[in-house]
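Both ligands and their constituent atoms are indexed starting at 1 by order of listing. These figures come from a predicted structure and were not determined experimentally. As a basis for the values below, the full set of heavy atoms in this structure was taken, side chains included, without hydrogen atoms, waters or symmetry mates.
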Amino acid sequence: MATERTFSIIKPDATRRNLTGAVTAKLEEAGLRVVASKRLQLSKEQAEGFYAVHKERPFFNDLVSFMISGPVVVQVLEGENAVLKNREVMGATNPANAEPGTIRKEFAESIEANSVHGSDSLENAAIEIAYFFKPEEIVG
Ligand code: RTP
Ligand code: MG
């Protein structure tokens with residue numbers, strides 16, 4: 001097992017319902033440690049850049065609008081197999097398909113307003129962490 005860092009976003013549907021702490025508790029209960037965290041209002045340009053891989057997808061414009069509809073909390077999570085562990089505790093993209101006990105099963109409103117983002121690979125985690133954090137803002 002390897003100690004990894006992954007990147008998480010608590011999305012606007014969750015901050016709006018004051019679920020920042022509840023979502024973070026789920027991450028911590030899964031064995032992940034929050035080693036960096038900040039609350040941000042994303043600009044349209046920031047959201048478009050972050051989700052650039054999805055720019056040809058039919059849901060891209062709606063996704064960007066949703067992600068700038070309110071504050072987000074961006075976090076760096078550290079732990080054993082953090083990338084996979086975070087994906088497991090998040091649950092499936094569509095909350096209807098998410099396992100019981102996962103963040104999306106308990107909190108998500110819809111396939112779009114699904115409360116959290118998590119990096120899908122170690123390589124993307126490094127890119128996404130660097131998009132939002134300077135090295136000195138991360139304290140392991
Ligand atoms: P994420 O990137 O946010 O961690 O979620 P994911 O890997 O589970 O899902 P992905 O396929 O990467 O999609 C990114 C986000 O776009 C929104 N989405 N909307 N309307 C739709 O059909 C649809 N599909 C995806 C969700 O907010 C999803 O998390
Ligand atoms: Mg994704």
Side-chain angles (χ1 to χ4, degrees):
M1 297 244 277
T3 300
E4 294 176 350
R5 284 180 176 172
T6 191
F7 177 73
S8 171
I9 304 179
I10 303 177
K11 293 183 178 182
D13 67 286
T15 61
R16 188 179 296 121
R17 288 175 289 148
N18 205 22
L19 293 172
T20 298
V23 170
T24 303
K26 285 277 199 191
L27 300 171
E28 292 180 341
E29 283 161 19
L32 296 163
R33 182 177 297 270
V34 179
V35 295
S37 183
K38 55 189 171 187
R39 183 173 169 103
L40 298 173
Q41 171 63 54
L42 296 182
S43 67
K44 186 160 181 278
E45 293 68 32
Q46 266 178 314
E48 285 173 347
F50 182 75
Y51 280 119
V53 295
H54 293 315
K55 64 177 183 294
E56 306 305 333
R57 306 278 284 275
F59 59 78
F60 179 73
N61 287 335
D62 285 346
L63 174 59
V64 169
S65 296
F66 164 62
M67 290 300 290
I68 66 173
S69 68
V72 298
V73 177
V74 294
Q75 296 175 318
V76 179
L77 308 177
E78 189 176 82
E80 296 294 320
N81 294 316
V83 172
L84 185 62
K85 193 173 276 181
N86 184 41
R87 297 290 294 189
E88 284 174 358
V89 71
M90 287 164 60
T93 309
N94 185 344
N97 302 327
E99 294 294 326
T102 61
I103 292 168
R104 284 166 167 170
K105 185 66 167 190
E106 290 208 7
F107 302 126
E109 295 180 319
S110 68
I111 190 171
E112 176 180 83
N114 59 4
S115 303
V116 279
H117 163 84
S119 306
D120 58 13
S121 68
L122 200 52
E123 187 187 3
N124 283 336
I127 294 167
E128 293 174 359
I129 289 168
Y131 195 81
F132 285 104
F133 290 98
K134 298 176 193 151
E136 64 268 26
E137 292 177 315
I138 304 167
V139 183

Please identify each residue that fulfils ring-ring contact (aromatic ring centres under 6.0 Å, His included) with F132, with sequence neighbours left out. F7, F50
If you count every heavy atom of other residues, nucleotides or ligands that lies below 6.0 Å from E99 atom CD, does the total exceed 12? no
Would one find an N or O of F59, backbone or side chain, under 3.5 Å from an N or O of ligand 1? no
Please find the pair of heavy atoms, one from E112 and one from K11, that lie closest to each other, and give the distance. O-NZ, 4.3 Å
Give me the nearest non-hydrogen protein atom to atom 11 (O) of ligand 1 as residue plus atom name, then the distance to 0.1 Å. R57 NH2, 3.9 Å
Any donor-acceptor pair under 3.5 Å linking the side-chain atoms of S69 with those of R16? yes
Identify, for atom 10 (P) of ligand 1, the protein heavy atom at the shortest distance, and state residue, atom and that distance. H54 NE2, 3.8 Å
More than 12 heavy atoms from other groups under 6.0 Å of NZ on K44: no
Which heavy atom of the protein is the closest neighbour of atom 6 (P) of ligand 1, given with residue, atom name and distance? T93 OG1, 3.5 Å
Which segment of E128 sits under 4.0 Å of ligand 1 when only heavy atoms are counted: neither
Connecting only ILVMFWY residues whose side-chain heavy atoms lie within less than 4.5 Å of each other, what is the rest of L77's hydrophobic cluster? I10, L19, V23, L27, L32, V34, V73, V89, M90, I103, F107, V116
May I ask you to identify the nearest protein heavy atom to atom 3 (O) of ligand 1, giving residue, atom name and distance to one decimal place in Å? K11 NZ, 2.9 Å
Out of all atoms in ligand 1, which are within 4.0 Å of some heavy atom of G118? Include the element for each. 4 (O)
Could you tell me the residue and atom name of the protein heavy atom closest to atom 17 (C) of ligand 1, and the distance to it rounded to 0.1 Å? L63 CD1, 3.8 Å
Is Y51 close enough to touch ligand 1? Criterion: a residue heavy atom under 4.0 Å from a ligand atom. yes
Under 3.5 Å, is there a donor-acceptor pair between the side chain of N114 and the main chain of A108? no
Counting each atom of ligand 1 from 1 as listed, which ones have a heavy atom of E112 under 4.0 Å away? 26 (C), 27 (O)
Between R5 and A125, is there a donor-acceptor pair closer than 3.5 Å when you use the side chain of the first and the backbone of the second? no
Protein contact to atom 2 (O) of ligand 1 [nearest heavy atom, distance to 0.1 Å]: H117 ND1, 3.0 Å
Taking atom CD of E123 as the centre, report whether more than 12 heavy atoms of other residues, nucleotides or ligands fall under 6.0 Å from it. no
Among all the protein's non-hydrogen atoms, which is closest to atom 26 (C) of ligand 1, and how far away is it? I111 O, 3.2 Å
Report the C-alpha separation of R57 and Y51 in whole Å, then their side-chain angles, then the decisive distance to 0.1 Å, and conclude whether the side chain to side chain contact (heavy atoms under 4.5 Å, CB included) test is met. CA-CA 10 Å; R57 306 278 284 275; Y51 280 119; over 6 Å; no
Any R104 heavy atom less than 4.0 Å from ligand 1: yes
When you measure from the heavy atoms of M90 to every atom of ligand 1, does any distance fall below 4.0 Å? yes
Specify the protein heavy atom at minimum distance from atom 28 (C) of ligand 1: its residue, its atom name, and the distance to 0.1 Å. N114 ND2, 3.7 Å
